[in-house]
Enquirer: 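One structure coming up, written as structure tokens, with questions to follow.
Since the model is a prediction, treat every value here as computed from it, not as a measurement. Both counts, for ligands and for their atoms, begin at 1 and track the order of listing.
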Amino acid sequence: MKKVKLKIPATVANLVCGFDILGMAIHEPYDEMEIGLLETPEVIIKHKDQFGLPEEPSKNVAGIVLLKIQEHFNLQTGFEVIIHKHIKPGSGLGSSAASAAGAALGANIVLENIMSKDEMVHFAMFGEELASGVRHADNIAPCIYGGITLVKSTSPIDIIPLNSPDLFVTAVHPQVEVKTSDSRQILKKNITLKSAVEQWGNIAGLVAGIQKNDFALIGRSLNDVIIEPVRSILIPGFDDVKRKSLEMGALGGGISGSGPSIFMLAEQKETAEKIAALMKSIYDEMKIESFVYVSKINPVGIEIIE
Ligand SMILES: Nc1ncnc2c1ncn2[C@@H]1O[C@H](COP(=O)(O)OP(=O)(O)O)[C@@H](O)[C@H]1O
Ligand SMILES: N[C@@H](CCOP(=O)(O)O)C(=O)O
């Protein structure tokens, strides 16, 4: 059986001010996935993890992506997928995107490169639609392209890979579940022109800072006047983590994706590690279990292991 084994990174979507358009791949945590080509037109999904995710293909984000690919290309072959998930679903670290993007990229490999990167993004977005009700690509694009990506548009797909600054990323995942679908529903449907102008300035400043490796500009652009004030209410300890991390020397940060994870960027490993210890202590004090990752921006995205 033609088979491939992939390492699929977690992703931090939005990058604070770029709701649904910016995202970055990080090295830790990551999922592992094996995809094999079957001679019969069926899709089999098996999970080797403890998250109790549905294995019925139409209910699993990897399965739905493969069903769409099968239908589109009128394939008489099928796929067997083994997922070993380490990125907890509902973490805000792109768990659903990892399975969706991994399925699209893995299928493309076993089918001997029948798709472009943008086509893989197109099919992977069906997985995000299943998970959250919306076809957003801000987690999928950095998985497939690597590094930091700007999703200029999803229809037509227009993805701009950006520079990958040499920065450390500290992320904390407090063990409270926030489903992307729920945290999208609480968002305001209309915003004022004043806040839109402020947000445009932040997004433009952030993209310019990333492209110019201007860390100070990145830091002062990591501000969100639209989404964070609403969503942060769902995340215990958010204000404390953010304020104290900034005091410790973080460049900036905020909610990772739709939360509850929080991420911070730092120039030095030492600062990133101090922030990790701070995050852990804040949640220990609140008696909330948490997982902390000190990582770097992952310029490659999905990697082929075998
Ligand atoms: N293979 C899969 N990986 C992750 N989540 C999946 C998968 N298949 C289905 N789901 C569903 O997707 C939802 C998780 O997606 P989401 O809330 O966007 O989490 P995250 O922010 O970590 O991506 C859960 O309802 C989960 O049951
Ligand atoms: N732009 C989306 C990103 C969701 O990311 P996830 O990691 O929480 O799935 C949003 O903010 O809803």
Side-chain angles (χ1 to χ4, degrees), residues 6 8-26 29-35 43-67 79 81-104 106 124-143 149-151 154 171 173-188 203 224 226-228 230-232 234-235 254-263 291:
L6 303 172
I8 310 154
T11 43
V12 173
N14 302 335
L15 291 183
V16 183
C17 50
F19 180 68
D20 276 2
I21 62 168
L22 289 172
M24 73 177 169
I26 55 177
Y30 59 86
D31 281 358
E32 290 160 286
M33 194 179 210
E34 278 172 52
I35 301 195
V43 174
I44 302 169
I45 307 280
K46 292 179 189 159
H47 270 275
K48 265 194 183 172
D49 49 59
Q50 75 285 19
F51 298 121
L53 291 166
E55 292 186 333
E56 199 181 318
S58 62
K59 294 191 176 146
N60 188 294
V61 299
I64 194 84
V65 171
L66 296 172
L67 289 172
F79 304 96
V81 182
I82 301 171
I83 303 173
H84 195 161
K85 187 163 281 295
H86 306 284
I87 313 167
K88 201 172 171 187
S91 57
L93 290 168
S95 177
S96 49
S99 291
M125 279 197 297
F126 286 108
E128 289 294 55
E129 186 174 28
L130 177 69
S132 69
V134 180
R135 306 190 71 214
H136 63 94
D138 46 344
N139 296 96
I140 286 167
C143 263
T149 51
L150 166 65
V151 180
T154 53
H173 176 200
Q175 300 298 288
V176 287
E177 194 178 357
V178 176
K179 284 207 165 174
T180 307
S181 48
D182 297 339
S183 68
R184 291 185 79 93
Q185 261 157 26
I186 61 167
L187 297 176
K188 288 184 198 156
I203 298 167
D224 175 7
I226 296 170
I227 310 289
E228 184 180 290
V230 182
R231 278 185 170 170
S232 59
L234 300 176
I235 307 174
I255 304 172
S256 176
S258 62
S261 290
I262 305 168
F263 81 101
F291 295 109

Enquirer: Which of the atoms in ligand 1, numbered in the order shown and given with their element, are less than 4.0 Å from a heavy-atom of Gly94?
Expert: 23 (O)
Enquirer: Tell me, which protein residue and heavy-atom name are nearest atom 18 (O) of ligand 1, and how many Å apart are they?
Expert: Thr180 OG1, 2.7 Å
Enquirer: Considering both backbone and side-chain atoms of Gly92, is one of its nitrogen or oxygen atoms within less than 3.5 Å of a nitrogen or oxygen in ligand 1?
Expert: yes
Enquirer: Would Ser96 count as being in polar contact with ligand 1, using the rule that some N or O on each side must be under 3.5 angstrom apart?
Expert: yes
Enquirer: Measure the distance from atom 9 (C) of ligand 1 to every protein heavy atom, then report the residue, atom name and distance (to 0.1 Å) of the closest one.
Expert: Lys59 O, 3.6 Å
Enquirer: For atom 8 (O) of ligand 2, grab the closest protein heavy atom and report residue, atom and distance to one decimal in Å.
Expert: Ser258 OG, 2.6 Å
Enquirer: Is Asn14 in polar range of ligand 2, meaning some N or O pair under 3.5 Å apart?
Expert: yes
Enquirer: In the protein, which heavy atom is nearest to atom 7 (O) of ligand 2, and how far is it?
Expert: Gly94 N, 2.9 Å
Enquirer: With respect to atom 6 (P) of ligand 2, which of Ile87, Thr180, Val178, Ile227 exhibits the smallest heavy-atom separation?
Expert: Thr180
Enquirer: Asp138 versus ligand 2: do any nitrogen or oxygen atoms come within less than 3.5 Å of each other?
Expert: yes
Enquirer: Taking Glu128's backbone N and O only, do any of them form a donor-acceptor pair with Ser96's side chain (distance below 3.5 Å, no angle check)?
Expert: no
Enquirer: What protein heavy atom lies closest to atom 26 (C) of ligand 1? Include the residue and the distance to one decimal.
Expert: Leu53 CD2, 3.6 Å
Enquirer: Of the protein's non-hydrogen atoms, which lies at the shortest distance from atom 3 (N) of ligand 1, and what is that distance?
Expert: Lys85 CE, 3.0 Å
Enquirer: Hey, can you tell me if Phe291 and His173 have their rings parallel, tilted or perpendicular (30° and 60° cut-offs)?
Expert: tilted
Enquirer: What is the nearest protein non-hydrogen atom to atom 10 (C) of ligand 2, stated with its residue, atom name and distance?
Expert: Arg184 NH1, 3.3 Å
Enquirer: Any heavy atom of Gly90 sitting closer than 4.0 Å to ligand 1?
Expert: yes
Enquirer: Nearest 0.5 angstrom please: Ile44 CD1 to Glu55 CD, how far?
Expert: 11.0 Å
Enquirer: Within ligand 1, which atoms have a heavy atom of Lys88 less than 4.0 Å away?
Expert: 22 (O)
Enquirer: Against heavy atoms of Ala131, which atoms of ligand 1 measure under 4.0 Å?
Expert: 12 (O), 15 (O)
Enquirer: With a 4.0 Å cut-off on heavy atoms, is Glu128 touching ligand 2?
Expert: no
Enquirer: Just jot down the ligand 2 atoms closer than 4.0 angstrom to any heavy atom of Leu93, in number order.
Expert: 7 (O)
Enquirer: For ligand 2, which atoms, with element, lie under 4.0 Å from some heavy atom of Phe19?
Expert: 10 (C), 11 (O), 12 (O)
Enquirer: Considering heavy atoms of the protein only, find what lies nearest to atom 7 (C) of ligand 1 and give residue, atom and distance to 0.1 Å.
Expert: Val61 CG2, 3.6 Å
Enquirer: Give yes or no for whether the N/O distance cutoff of 3.5 Å, strictly under, is met between Asn139 and ligand 2.
Expert: yes
Enquirer: What protein heavy atom sits nearest atom 25 (O) of ligand 1, and how far off is it?
Expert: Lys179 NZ, 3.5 Å
Enquirer: For ligand 1, which atoms, with element, lie under 4.0 Å from some heavy atom of Ser99?
Expert: 1 (N), 2 (C), 3 (N)
